[in-house]
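Okay, so here's the structure we're looking at.
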Amino acid sequence: MPLLEARDVHGGYGGMNILNGVDMSIEADEIGVIVGPNGAGKSTMLKAIFGLLQVNQGEIRLRGEPITNLAPNKLVHMGMGFVPQENNIFPSLSVEENLEMGAYIRPSGVSRMLEQIYEFFPPLLDKRRQPAGELSGGQRQMVAMGRALMVEPSVLLLDEPTAGLSPLFMNEIFERVKKINAAGVGILMVEQHAKQALAIAHKGFVLAAGYNRFTDTGEALLNDPEVAKSFLGG
Amino acid sequence: MNELVFFINNVVVAGSVTGSIYAMGAIGVTLVFSIMRFAHFAHADMMTLGAFVVLLLSLAFPGAGSVVGLPTAIVMLPIAMVVTAAVAVGIDKAFYKPLRSHGVKPIVIVIGSLGVTLMLQGLLRLFAGTSPQNMYVAERKEIYRLELPFEAVTRPVIVTEPQVILFILVVAAVVGLHLFLNKTRTGKAMRAMSDNPDLARASGINTNHIVSVTWIIVGGLATMAGTLLSMDVTFKPDLSFFLLLPIFAAAIVGGVGHPYGAIAGGFVVGFAETLAVFNWAVLLRPFQERLPDWLELPNNLAFVGTEYKIVVPFFILVAILVWRPTGIFKGKVI
Ligand SMILES: Nc1ncnc2c1ncn2[C@@H]1O[C@H](COP(=O)(O)OP(=O)(O)O)[C@@H](O)[C@H]1O
Ligand SMILES: [Mg+2]
């Protein structure tokens with residue numbers, strides 16, 4: 001049974017549908033990467049999974065259980081974490097408070113989880129008392145991912161975790177994503193850096209105009225001349 | 001030297017009292033704004049309502065104070081805080097929450113709160129009448145006269161019992177709020193929701209619960225401020241007329257969304273008001289001989305007459321909106 005499965009998802013922000021039948025499926029130990037041009041509906045798809053907008057048609061399942069249109073806080077309880085593309089930290093809260101808020105629904109294990117997160121993102125340890133809004137872009141992204149990891153989710157949705165980062169930081173974030181996945185977290189990630197992201201992906205989904213143009217393994221998509229021509233910049 | 005005592009009584013004491021009341025009111029306005037993103041106009045009437053609940057309870061149990069050796073109103077204050085907090089949560093559920101869940105623009109909720117203002121004022125008049133009432137139902141208001149140990153000083157510094165209690169409770173409330181917001185899980189979640197409500201929801205924070213907690217704190221603080229003000233002067237059902245403008249000015253001066261800014265703003269507006277109505281001629285009179293002959297001191301040298309002191313917060317409000325709309329602590333712009 002797939003960890004996360006979306007079938008024929010249609011939905012939008014109230015007006016016209018943005019998603020016109022998206023299919024996606026990842027297994028528990030996989031990294032799925034969504035690529036596609038700007039405005040294709042990649043972020044919208046993640047929001048639809050996380051219950052942030054109305055799904056009008058189709059179905060989304062987590063470990064076989066239907067979760068279509070469930071509220072975000074229910075999904076957090078069911079083991080789903082979401083890191084939005086923008087505004088993904090609490091800027092005036094300290095780094096540690098940001099992480100604590102990630103564990104809001106499960107306050108018992110906070111100190112153990114904090115230790116793990118600091119071990120995983122060492123730069124955050126020194127900055128733990130500093131307001132998260134004062135951190136560099138890469139460190140903010142670590143805070144954002146750390147916050148979502150605090151409840152030990154079984155699936156993590158990441159929306160462009162490397163947006164605006166230098167290539168050095170980008171590689172570092174991808175390394176972390178691989179490590180998180182190796183620790184047993186299924187990952188569904190939207191990425192602009194399509195080539196690098198598909199290189200670490202088990203599954204890839206090329207979205208355009210609100211539906212799947214291509215769906216295959218990351219490797220197969222990278223080697224597909226048609227995908228390369230239209231979506232990976234040749 | 002008596003002039004100095006006059007200054008202490010009319011500016012230092014009076015300004016601290018007014019500032020404390022405005023600060024507590026402004027904290028309430030700022031908390032509602034940071035969590036629900038709307039300007040809550042009915043806040044001043046919540047202060048009046050809280051004081052009225054204390055008055056009712058005091059009239060019902062006038063002997064309660066003498067048992068513990070405090071004014072009856074102070075004994076009734078905690079109960080009234082709970083009652084008013086419950087009313088505040090109820091008002092939100094009945095009037096503001098339906099608007100919020102329809103996803104209306106903030107201005108619609110602001111207008112809703114104007115409706116609540118009118119409703120509360122009507123109810124207060126209906127049950128409290130229109131004339132001022134003394135909050136000291138059973139006992140006498142203690143007045144402390146502190147003689148200063150200087151020979152030239154013959155007049156005492158005057159502080160009343162409710163003023164002393166006010167200072168103690170304001171410090172307690174501010175320290176308590178600080179600890180709550182920075183040390184408790186719910187308090188941190190409140191700050192998180194104020195920072196980024198969407199992310200708070202995505203973290204599994206129950207935002208409805210946070211909204212209720214906010215109203216409980218706001219209702220409690222409003223009751224405290226309204227009661228102590230009414231004890232110091234008298235209870236009036238139209239108290240809010242004199243509070244609304246200064247507490248909003250204080251919240252905006254401090255930077256909306258900053259509880260500490262609201263405290264600073266409260267004292268800025270409170271002291272500005274007392275300094276503006278202070279008769280400066282009193283302080284200048286001892287130097288009369290040294291002033292040139294042609295300069296004769298008028299009897300009253302205040303910037304504005306006491307009856308017009310409401311123009312002071314109005315002026316501050318206009319000035320801050322023109323000069324620095326985010327307030328001194330860089331808050332959000334309403
Ligand atoms: N909050 C919103 N309300 C209405 N339309 C939106 C909203 N967010 C995005 N859209 C629209 O949805 C479409 C897809 O956007 P998005 O999913 O963000 O694209 P991307 O693939 O670049 O992440 C775009 O046309 C965008 O204008
Ligand atoms: Mg996007």
Side-chain angles (χ1 to χ4, degrees), chain A residues 13-14 43 46-47 49-54 70-108 110 129 131-133 140 143-144 146-153 156-159, chain B residues 27 30-31 33-35 37 97 100-105 177-214 254-263 326-333:
Chain A
Y13 297 94
S43 298
L46 287 196
K47 289 187 209 163
I49 296 173
F50 199 62
L52 291 170
L53 61 89
Q54 185 69 31
L70 270 192
N73 64 336
K74 296 240 171 63
L75 293 168
V76 175
H77 280 276
M78 293 174 75
M80 189 182 283
F82 174 48
V83 180
Q85 183 174 355
E86 282 157 344
N87 300 325
N88 52 18
I89 56 164
F90 300 111
S92 82
L93 268 59
S94 72
V95 168
E96 186 148 313
E97 287 169 339
N98 266 270
L99 298 178
E100 285 172 19
M101 286 303 106
Y104 184 81
I105 61 162
R106 220 179 53 194
S108 55
V110 170
R129 305 251 173 270
R140 282 184 197 215
V143 173
R147 180 199 55 77
L149 288 170
M150 283 294 285
V151 275
E152 300 180 274
L156 187 61
L157 312 179
L158 299 173
D159 197 348
Chain B
I27 292 174
T30 249
L31 284 180
F33 188 85
S34 20
I35 298 301
R37 296 289 193 280
K97 191 170 182 225
R100 265 202 309 279
S101 40
H102 269 90
V104 299
K105 292 206 173 72
L177 189 67
H178 173 81
L179 292 177
F180 173 75
L181 289 176
N182 290 291
K183 301 287 175 213
T184 70
R185 176 166 161 264
T186 310
K188 289 176 193 176
M190 255 176 93
R191 285 166 49 223
M193 190 173 162
S194 156
D195 253 16
N196 190 340
D198 291 332
L199 192 63
R201 242 168 262 127
S203 306
I205 293 173
N206 183 344
T207 48
N208 285 329
H209 172 70
I210 301 295
V211 165
S212 296
V213 171
T214 306
V256 176
H258 283 271
Y260 308 112
I263 297 164
T326 52
I328 39 184
F329 284 88
K330 284 254 158 96
K332 302 169 175 92
V333 182

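Labels below follow one simple rule: chain letters A, B, ... track the order of the sequence lines, proteins then strands, and each chain is numbered from 1.
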Which of residues 73-81 of chain A have a heavy atom under 4.5 Å from any heavy atom of chain B?
A:Asn73, A:Val76
With chain B, which of A:Met150, A:Arg106, A:Glu100, A:Arg147 has the greatest number of heavy-atom pairs at distances under 4.5 Å?
A:Arg147
Show every salt bridge (Lys or Arg N to Asp or Glu O under 4.0 Å) that has at least one partner inside residues 198-214 of chain B, sequence neighbours left out.
B:Asp198-B:Arg201
Give every donor-acceptor pair under 3.5 Å between a side-chain atom in residues 84-92 of chain A and any protein atom, sequence neighbours left out.
| unit_1 | atom_1 | unit_2 | atom_2 | d |
| --- | --- | --- | --- | --- |
| A:Gln85 | OE1 | A:Ser43 | OG | 2.8 |
| A:Asn88 | ND2 | A:Pro84 | O | 3.0 |
| A:Ser92 | OG | B:Asp195 | OD1 | 2.9 |
| A:Ser92 | OG | B:Asp195 | OD2 | 3.1 |

Sequence neighbours excluded, the answer for ring pair (Phe, Tyr, Trp, His ring centres under 6.0 Å) partners of A:Phe50 is A:Phe82
Look at the side chain of B:Arg185 and the backbone N and O of A:Tyr104, then say whether any donor-acceptor pair between them is shorter than 3.5 Å.
yes
In Å and rounded to the nearest 0.5 Å, what is the NZ to CD distance from B:Lys188 to A:Glu96?
7.5 Å
Option in A:Gly133, A:Pro72, A:Pro107 with maximal non-hydrogen atom pairs under 4.5 Å from chain B
A:Pro107
